[in-house]
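Remarks on the structure that follows.
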Amino acid sequence: MHEPAMSTAAPKQSTGKRSQIRWLMVVLVALATAIAYIDRANLSVASDSMQQELQFSDELKGVMLSSFFWTYAIFQLPGGWLVDRYGPRALYAIAVVWWSIGTAATALTRGFAGVIGCRLVLGVGEAPVQSANARVVSEWFPRKERAFASSIFDTGSEFGSALSVPLVTLLIALVGWRGSFVVTGALGLVWVVAWLLIYRSPRKQKWANQAEVDYIEQGGGRTEEKELGDAGKQPMKWRDLFRYSTTWALVAGYTCRGVIIYFFITWYPDFLVNQQGFSLLELGLFGAIPGLAAMVANWLGGLFSDWLVRRGTPLAMARKIPLVIGMVGASTIALASIAPNPAWALVFLTLSYCSAAVSTGALLSLPADVAPTPRNVASLTGVQNFGSQLGGIIGPIVIGFLLGTGQFAYVWPLVFAGAMCVLGAFFYAFVVQVKPLDEQRPMF
């Protein structure tokens with residue numbers, strides 16, 4: 001069950017020096033996110049070995065690789081609601097155990113259907129991750145540190161994706177593809193033990209002294225004990241969240257951003273090889289440049305948003321400035337289609353990906369900024385993240401259709417991706433209101 005409104009923990013000792021336990025909490029969720037992406041990417045690395053043994057076609061292989069997203073997208077909405085209902089500590093532990101079992105069980109499969117079943121289980125388990133991460137950051141961080149903290153946990157996804165290839169390749173060489181799923185599944189179970197031993201809300205975490213708790217709560221940290229106990233605010237009903245234009249704009253903006261993010265996950269290698277003439281060696285040497293640069297840009301964007309808050313910039317502007325700049329900057333992907341040579345194409349792609357990354361910290365902070373109470377943060381995050389999955393579904397399909405017309409190669413696909421970035425900037429600039437929903441006028 002969720003934590004009670006008033007903390008029953010003994011009063012904390014106030015010392016002159018503030019503790020820094022909140023950074024341990026965000027590192028914990030960043031590690032969980034990295035493990036989630038390792039488990040998610042395990043199949044991509046192991047699929048060739050699996051195909052040789054289980055004897056399925058390339059067409060079925062494509063279905064198998066996409067199956068994770070079926071349940072992952074659908075369960076974004078209930079996943080966020082469950083985190084708000086039962087709290088991040090319990091739900092995160094249950095989710096990681098669930099997906100770790102799904103990952104390890106892949107080792108027992110004897111055919112295509114069994115692999116699909118395990119991937120569907122994995123999608124259900126990983127669906128609450130982003131919502132739980134946002135809830136943890138909203139509880140443990142004041143507004144002026146929230147965007148950078150969000151950038152830290154989001155970097156876990158990039159780190160996990162990068163680590164998965166060498167890690168799983170090594171595991172397959174040592175213990176085979178079945179053993180690789182067992183080992184990566186076990187990583188999550190080890191994390192759960194550490195999580196249950198360490199994680200508590202700020203008022204209940206003994207390692208956090210009173211000075212740190214006061215710093216968090218006085219800076220706008222969304223601790224449930226404070227808001228329910230001191231102000232008596234009750235969470236808004238889940239269905240009522242959709243009465244506000246801001247909620248719909250969060251979905252629409254993230255859908256637009258999802259188009260460009262999923263381009264780099266899906267069509268990006270094909271563009272470099274078939275449009276720009278990269279060899280496989282060149283793809284391996286230079287193809288990682290946009291992603292690596294985006295990791296740095298992610299952190300810088302979060303720091304920039306928090307710096308604006310600290311210098312007294314209104315919260316709405318501190319979030320919207322990096323959001324709008326980042327989304328408009330990401331539209332430079334369109335220039336890659338008319339670049340004079342491959343080097344310039346890679347420059348425009350890197351600029352685009354880095355710009356999108358600059359918006360990440362502010363974007364992931366929005367649910368905590370607009371939630372009426374702490375117990376609406378995860379629900380709004382799940383709703384917002386559902387938009388990202390819509391972009392992941394829509395973008396690759398539209399780009400594939402435009403390529404299929406045979407007109408101007410990648411020109412129209414990348415113009416489409418750039419236009420979606422500008423559209424996303426419009427939603428963040430003019431529709432999203434960065435204040436609690438119960439202070440906004442509902443649409444109906």
Side-chain angles (χ1 to χ4, degrees), residues 3 20-46 68 71-72 75-76 79-80 82-83 86-107 118-119 121-141 149-168 170-171 175 179-202 204-208 295 364 378 381-382 385:
E3 296 175 354
Q20 303 291 330
I21 300 303
R22 61 194 182 282
W23 299 106
L24 173 61
M25 300 306 166
V26 78
V27 168
L28 275 176
V29 297
L31 287 174
T33 306
I35 293 170
Y37 273 74
I38 290 171
D39 287 350
R40 189 182 305 184
N42 193 333
L43 183 68
S44 299
V45 181
F68 160 83
T71 49
Y72 183 70
F75 280 85
Q76 290 295 319
L82 286 169
V83 172
Y86 295 102
R89 183 172 184 266
L91 240 295
Y92 222 139
I94 293 170
V96 177
V97 169
W98 179 286
W99 94 56
S100 296
I101 292 173
T103 298
T106 310
C118 290
R119 297 299 285 182
V121 169
L122 182 68
V124 173
E126 291 196 8
V129 168
Q130 199 82 320
S131 299
N133 289 348
R135 176 69 182 271
V136 169
V137 168
S138 73
E139 286 187 352
W140 272 95
F141 287 86
S150 298
S151 297
I152 291 175
F153 79 65
D154 187 67
T155 304
S157 63
E158 295 154 344
F159 178 74
S161 297
L163 182 61
S164 63
V165 175
L167 175 62
V168 176
L170 176 63
L171 289 173
V175 296
S180 72
F181 284 100
V182 174
V183 174
T184 55
L187 291 175
L189 300 180
V190 173
W191 180 90
V192 168
V193 174
W195 173 255
L196 292 175
L197 288 174
I198 296 172
Y199 190 81
R200 302 289 188 280
S201 62
K204 293 184 176 181
Q205 170 51 258
K206 296 180 180 179
W207 299 346
M295 292 177 66
L364 295 177
T381 304
N385 205 41

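Scope of the values below: all heavy atoms of this structure, side chains included, with no hydrogens, waters or symmetry mates. Computed from a predicted structure; not experimentally measured.
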Test item: W195 side-chain N/O and R89 main-chain N/O as donor-acceptor pair under 3.5 Å: yes
Return the CZ to CG distance between R135 and L91, rounded to the nearest 0.5 Å. 9.5 Å
Are the side chain of Q205 and the backbone N or O of Y199 linked by a donor-acceptor pair below 3.5 Å? no
Where the side chain of S100 meets the backbone of V97, is there a donor-acceptor pair that is under 3.5 Å apart? no
Rounded to the nearest 0.5 Å, how far does CE of M295 lie from OG of S151? 11.5 Å
Separation between OH (Y86) and CG (L82), nearest 0.5 Å, reads 7.0 Å
V193 and L189: CA distance, side-chain angles, deciding distance, side chain to side chain contact (heavy atoms under 4.5 Å, CB included) verdict: CA-CA 7 Å; V193 174; L189 300 180; over 6 Å; no
For the residue pair T184 and V168, what are the closest heavy atoms and their distance? CG2-CG2, 4.5 Å
Okay, side chain of R119, backbone of R40: is any donor-acceptor separation there less than 3.5 Å? yes
Provide the closest heavy-atom pair for S201 versus W140 in the form atom of the first, atom of the second, distance. C-CZ2, 3.8 Å
Value for CD (E126) from CZ (F75), rounded to nearest 0.5 Å, stands at 14.0 Å
Polar contact flag, side-chain donor to acceptor under 3.5 angstrom, T103-N42: no
For a quick test of reading the model, state the closest non-hydrogen atom pair linking A95 to G125 and the distance between them. CB-O, 3.3 Å
So, do V129 and T33 sit near enough that their side-chain heavy atoms are less than 4.5 Å apart? yes
Separation between CD (E139) and CZ (R22), nearest 0.5 Å, reads 15.0 Å
For I35 and L187, work out which heavy atoms get closest and say how close. CD1-O, 3.8 Å
Classify the ring geometry of W191 against Y92: parallel below 30°, tilted from 30° to 60°, perpendicular beyond 60°. tilted
Minimum heavy-atom separation for P88 to A132, with atom names? CB-O, 4.3 Å
Mind checking the CZ-CG spacing from F68 to L43? Nearest 0.5 Å is all I need. 11.0 Å
Where T381 and Q130 come nearest, the two heavy atoms and their spacing: CG2-O, 3.4 Å
With sequence neighbours left out, what residues match F159 under side-chain contact (heavy atoms from CB on, under 4.5 Å)? A34, L163
Identified side chain to side chain contact (heavy atoms under 4.5 Å, CB included) partner of F153 from the options V136, L28, L364: L364
Do S180 side-chain atoms and L171 backbone N/O form a donor-acceptor pair below 3.5 Å? no
